[in-house]
Amino acid sequence: MLAKYIEEQLIEAAIEAFRKNLPGQVFVEKPENKLQLNNTNYPDRLIIFKIQNKEITYFLEVKNNITTPAIGNLLLNKNKLPHPLLLITNHVTDFLADNLKRKNIEFIDTAGNGFINQKFLYIFVKGNTPPDIFKHIPKNQAFKPTGLKIIFAFLYNPELINKTYREIALQADVALGTVGWVMKDLTKLGYLVKIKGKQRKLLQKEKLFDRWKTEYAERLHPKLLLGRFTGTIDGLPLDLQKNKNILWGGETAAEKITNFLKPQITTIYAKKEQLNEILLKLRLKKDIDGTIEIYDYFWTPKENDNEETVPPILVYADLAATGEQRNIEVAGEIFKKYVIEYLKEN
DNA sequence: GGGCCTAATATTACCATGGA
DNA sequence: TCCATGGTAATATTAGGCCC
């Protein structure tokens with residue numbers, strides 16, 4: 001989550017830059033009252049453009065940087081809203097501008113680039129560079145890779161929230177000191193409170209998950225990739241499955257859960273130390289363009305967990321991260337059917 | 001591409017506190 | 001007093017940018 005003052009600065013700068021593209025034609029209003037939206041955690045504000053006696057209302061989605069996974073999340077969210085969604089971001093590169101345009105995601109950035117596609121107004125500007133002040137915006141510890149591991153551990157196993165820092169560090173596979181940083185951050189951001197003296201409680205789980213899945217895809221998921229391979233896979237090695245050391249993920253897991261998707265990429269999550277054994281058993285060959293991806297199995301499975309796929313929250317995050325329309329639709333189904341269970345407030 | 005420098009991030013080791 | 005726990009300063013590691 002961006003700090004509020006940075007978010008405000010981004011909005012102001014982007015609007016100002018956008019105004020310069022159309023001098024004298026744009027008026028902006030920001031309603032004072034925060035909106036209450038059913039079944040939607042964000043965005044929490046809207047913006048009204050008045051152009052040539054016509055008016056359009058947008059919900060705002062503010063991002064420091066926009067990436068493929070973030071685009072996937074925007075596609076997931078934009079159809080839930082009663083008004084169109086306007087992305088405000090630091091900088092949209094030429095490539096990204098074309099990509100957003102193709103996916104009909106409207107945006108403006110601090111450099112003056114933008115894409116507006118309404119019946120009475122069409123604007124597409126790209127190629128401008130942003131001002132220096134927005135180049136380095138600090139991130140919260142909670143949404144750095146180790147923090148993301150901890151948040152996942154809490155969402156996957158809610159009981160962990162009231163374990164000791166040492167137990168949390170062990171389960172999430174991070175250092176003890178990291179837990180302290182992350183807990184402090186989550187409290188500061190309003191996702192964690194202490195009740196009845198010592199009990200901890202996770203708040204706004206859906207909002208936290210929404211943020212997690214975006215940051216996971218951008219910051220942790222790429223780090224977990226152990227390699228890409230080619231070969232033919234008929235099934236997972238049974239002995240490794242029994243020990244819960246190897247699971248299907250991504251599109252492959254989505255296919256097994258929903259039967260809707262025909263996977264183009266085979267995704268496997270496995271313990272790093274067993275990679276060589278897996279490659280031998282499945283006869284896989286390293287290939288940077290291969291369609292079999294193996295990721296590091298970074299969490300600790302629950303005792304009673306006997307699934308052959310990774311937890312649905314991870315399947316959902318993996319699908320959203322691809323930014324592919326066909327995966328986004330299946331991700332939506334998985335959310336309604338499975339993910340929502342993990343996000344219930346207790 | 002390699003070497004260097006710097007900043008960001010993660011871990012380790014230690015300290016303070018509170019309860020038994 | 002001892003031990004478990006939460007908290008944090010110091011240190012190590014990693015990543016990214018720049019120059020040659």
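Chain letters run A, B, ... following the sequence lines, proteins first and then strands; every chain starts at 1.
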ring-ring contact (aromatic ring centres under 6.0 Å, His included) partners of A/F154, counting only residues at least two apart: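 A/F154: no ring-ring contact (aromatic ring centres under 6.0 Å, His included) contacts found.
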Identify the 5'-most and 3'-most nucleotides of DNA chain C with at least one atom closer than 4.0 Å to a non-hydrogen atom of chain A.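 Extent of the interface on DNA chain C: C/dT5 to C/dT8.
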Who passes side chain to side chain contact (heavy atoms under 4.5 Å, CB included) against [X], sequence neighbours left out?
X      : answer
A/N117 : A/N104, A/E106, A/F115, A/Y122
A/T309 : A/W248, A/A253, A/K256, A/I257, A/E307
A/K337 : none

Please tabulate, one pair per line, each protein N/O and nucleotide N/O from nucleotides 11-15 of chain B that are separated by under 3.5 Å, including the distance.
{"residue": "B/dT11", "atom": "OP2", "partner": "A/A175", "partner atom": "N", "Å": "3.2"}
{"residue": "B/dT11", "atom": "OP2", "partner": "A/T178", "partner atom": "OG1", "Å": "3.2"}

With sequence neighbours excluded, what pairs up with [X] under the salt bridge (Lys or Arg N to Asp or Glu O under 4.0 Å) test?
X      : result
A/E333 : A/K336
A/R228 : A/E293
A/E159 : none

